[in-house]
Amino acid sequence: MNFNQIRLFLFLIFAFSSFSCSHELEPKYRIVFLQCCHDEWRDVMNSEMKRELAFHPEFKLEIIESYSETEQQIEQVRAIAKEDIDLLIITPNEAKPLTAAIEEIYKSGVPVIFVDRKTDSGQYTAFIGADNYEIGKTTGKFISSQFRDRGNIIELELEMTSSPATERHRGFKDAVADAPNLKIVESVEIKDGLTDINNYLPRILKEHPETNIVFAHTDFLAVTAYEVAQKVEKAKSLFFVGIDALPVSKGMQQVKERILDASLLYPTGGAEAIQTAVKILKKQPFKKENKLLTNVITAENVDIMLSQIEKIKEQQVDIERQVYRINDLNKTYSSQRNRLYFMSALFIGVVVLGTFLFFLLQEKQQSNIVLAQQNDAINRQKDEIEKVSEVARQATEDKMRFYSYISHEFKTPLSLILTPTEDLIERKAYNVNESKQVLELIKKNANRLLKLVDQVLDLRKIDAGKIELNADFYDLVSFSKEIVDDFKFKAKNANIDLQFICPFKELPYEFDAEKLDKVLFNILSNAFKYTPNGGFIHVSLMKNINNVEIKISDNGVGMSEIDRENAFEMFYRANKNVSLGTGLGLALSREFVHLHKGEISVESKKDSGTSFIISLPLLLNDSRNQVADAPVFDHEIETEKVEKSELRPLESDISLVIIEDNAELLEFLNAKFSKLYNVYLAESAEEGWDKILNFVPDLIISDVMLPKQDGFELTQKVKQDFRTSHIPVILLTAKGKIESQIEGTKAGADAYMGKPFNQLLLEEKVKNLIENRDRMRRRFSNEITNPGNVQSSERKFLLDFELLIEKYLNDSTLSVEKLSAELGMSRVQLYRKITAITNHNVNDYIAEYKIKKAKSLLADASKNISEIAYELGFNNPSYFTTFFKQKTNKTPSEWRNT
Ligand code: ATP
Ligand code: MG
């Protein structure tokens, strides 16, 4: 839902609620009453109107008085005409001057009701008023009936400019005329109440002593007349009649008090005016002319009248209370109704909104589903693209790796062909044996290259899916036996027990001879590579119900779990010895076996041997009597047994110092060895000695023929100095004479190589020497600080070293620097020497010594642990405890208690 939609929704709710609020109980009609003047009678009229209005809350009345000012009233009419009113009630102050203004309002469509008085115009909606003529006449009739048609009357008239005065007078005169013995002694117009009456009444009474009745046009005049008459002591003999009979002040009260003998009720018409207005505005039938009836109030009925009025007043209060209550209830009702409206509006709004949201949600879900589907499709495409590009990337990577491996694999045999070839070319004198040896090396490496090329071609074919089975029926037994037999010579040389075990003479089987030959040859070659002299290699051929199983087992070096898992991977070689193979053989073998729908697997355990099992499926119709002669393949078997050795990884930190005055040969050797070791080069014995002292290498290769100092002298020096005496030395000589070898051995050389040396042989020698040293180190690294086990030449050094440690045992400042200084060595020399002999660094060595010492001290129960700690040079016994626990997993006291 967007912002505009929310706005629309809120607007609807507010519109609805404000609509419901407009149902409040508010006056619907505005009525204006223009009252001419102010007196008690008009007050009564006003309050009658208000009372009547209480029944009609939808009408609102405004009363405006003009205090008998005609001009003011005209202005009020004009002002009202401009306003928005529904009805005008008016008592005109004067008839004529107001006619025009009122007519105008009437013509504009506003209903006009005259109360009590009219204008001269007939243009009005209704008139309510007492009939003054009738009142006058009724008074006359009442008096004549009271006095049996005889009596003398003084009439006190209102100003004769107003219509009530003339009408009353006319009615009264007419009634009196009907009674011949009833006379109006005098009619006087009273303009100024008390003053006029004072002026006229005593005089008339004096002039007409027969007077027995006073009729005044109002109760006020009548009461005033009574008071004046009282002064002249005539009041008692006179009969006072007034008009109005107001329930307040001068009126009924005076009748009750017998001041007035009667009063004619002059109704105000207030209630009737409102009733008529209601009818008009509610469009109900109404009377235009409404004459109000009069009544004579005398001492006989005044009490009833008053009590009725009292009753009415009480009821009025009651009514007002009810109205008030009704209003209250109305308010509650209307507020509750409004609340209900609002709640309904809210409810409807919520329902509308809910529905709207529901549809919106559905729409969204729908589009979400579509989106999700699109997303899925895109993701699938993306995955596919990724897969394809991953495959492409993998393929490129594989290819790159393949090229770099392959070129590396080519380099080794190539350089081993080139080096000796060049060597041969450069040689002046030919020694038949030597040249044969070199040519053998060249031939061997050429064959390696050939094999490598062959393997690469096979791989290419496999990779391109172009390799095919070129199968025929051959005798599998004789085929396998022949391959095994090719290794007989090699086995004999290496004193290996090679056996071919097969329970049957012949097993016709359909296979690709060339490929199976490669498989078996590779596995057998492997077995020979990794089986030491004196071991066994057994090949067995078995036939089961479903398959033929060829198993090649050896008791050679075996494989670790990782090697086993990766054996069939391309280029995988458990040891990185370049001379032992490229790591392609098994990968190819597996492919070839798979081509035969067979399986190849390996079982192997480190140091105890390896078995390869080739399982080929046997089909029922496989057996055939006719078998072809299996083709015979040339097997280039390397007879020179390569030392199997523990070969170290390239990242090894083994270092060599090579001393050779022939710069090219030095570079050649550097090129060979720096692939495997850290090589330091020197062109003279002096330079060599410096490097030896400086780097304390793991092995030294030195030419014998060197300028100034020769190789023998250098060897002697190395072997006599306890800092270097542990380092093996290989001497190279072109002499090739037995004397040289003797001399070299005398000087303490560890190995001897005639020039031109076989690079492979030299490499193997280097490896062997390092291995031997490693083996020696391993042998006694567990029995450290036991120099008895160490080679005799190094024993003395270690004994000296331990004496020194013993001397400083309780010295907490004992350090390698201190020890090496005492021994006359540099820190590095001592470090390397100890590591070379014991495979431990100096600090470990010292620590081990201290542990050994601590154990013997702990055996002596007379010493406490703190004493022992200080004796061993620990400043703090708790540090000793930590140290001891670290090394032995037990605290000193635990050790002592076991
Ligand atoms: P290539 O056969 O290509 O000349 P290779 O012999 O090193 O080289 P594979 O025949 O594939 O390669 O053998 C892979 C690796 O498996 C070998 O390098 C070797 O580490 C290990 N291996 C194979 N046969 C044996 C075995 N009989 N005993 C111990 N390790 C073996
Ligand atoms: Mg192999």
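Order of appearance sets the numbers: ligands from 1, and atoms from 1 within every ligand. Small disclaimer: the values here were computed from a predicted structure and weren't measured. Numbers here simply count residues along the sequence, with the first being 1.
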(request) May I ask you to check whether F473 and F511 place their ring centres under 6.0 Å from each other? (result) no
(message) Is any side-chain heavy atom of I701 closer than 4.5 Å to one of I659?
(response) no
(request) Kindly confirm or rule out an N or O of L586 lying under 3.5 angstrom from an N or O of ligand 1. (result) yes
(request) State, yes or no, whether a side-chain contact exists between I523 and I600 at a heavy-atom distance under 4.5 Å. (result) yes
(request) Taking only heavy atoms of F612 into account, list the atoms of ligand 1 that are under 4.0 Å away from them. (result) 24 (N)
(request) Please state whether the rings of Y680 and F695 are parallel, tilted or perpendicular, taking 30° and 60° as the class boundaries. (result) parallel
(message) Are Y474 and Y509, when compared by the centres of their aromatic rings, separated by less than 6.0 Å?
(response) no
(message) I want to confirm something. Looking only at heavy atoms, which of S525, G583, G585, G556 is nearest to atom 5 (P) of ligand 1?
(response) G583
(message) Check the orientation of F612 and F568. Use parallel for under 30°, tilted for 30 to 60°, and perpendicular for over 60°.
(response) perpendicular
(message) When you measure from the Mg ion (ligand 2) to the N, O or S atoms of N526, does any of those distances fall below 2.8 Å?
(response) yes
(request) Report the part of I523 (side chain from C-beta onward, or backbone N, CA, C, O) that has a heavy atom under 4.0 Å from ligand 1; answer both or neither where that applies. (result) neither
(request) Determine whether any heavy atom of F568 lies closer than 4.0 Å to an atom of ligand 1. (result) no
(message) Looking only at distances, can you tell me whether any N or O atom of A587, backbone or side chain, sits closer than 3.5 Å to an N or O atom of ligand 1?
(response) no
(message) Using a 4.0 Å cut-off to any heavy atom of G558, which atoms of ligand 1 qualify?
(response) 29 (C)
(request) Number the atoms of ligand 1 from 1 as they appear, then name those within less than 4.0 Å of a heavy atom of N522, with their elements. (result) 2 (O), 10 (O)
(message) Within the 4.5 Å heavy-atom criterion, are Y831 and V696 side-chain neighbours or not?
(response) no
(request) Mark up the atoms of ligand 1 that fall under 4.0 Å of a heavy atom belonging to K451, in ascending order. (result) 1 (P), 4 (O)
(request) Side-chain contact test, heavy atoms from C-beta onward, threshold under 4.5 Å: evaluate it for V602 versus M559 and give yes or no. (result) yes
(request) Would you please determine whether D563 falls within less than 4.0 Å of ligand 1 on a heavy-atom basis? (result) no
(request) Can you sort out which atoms of ligand 1 are near Q455, meaning under 4.0 Å from one of its heavy atoms? (result) 3 (O)
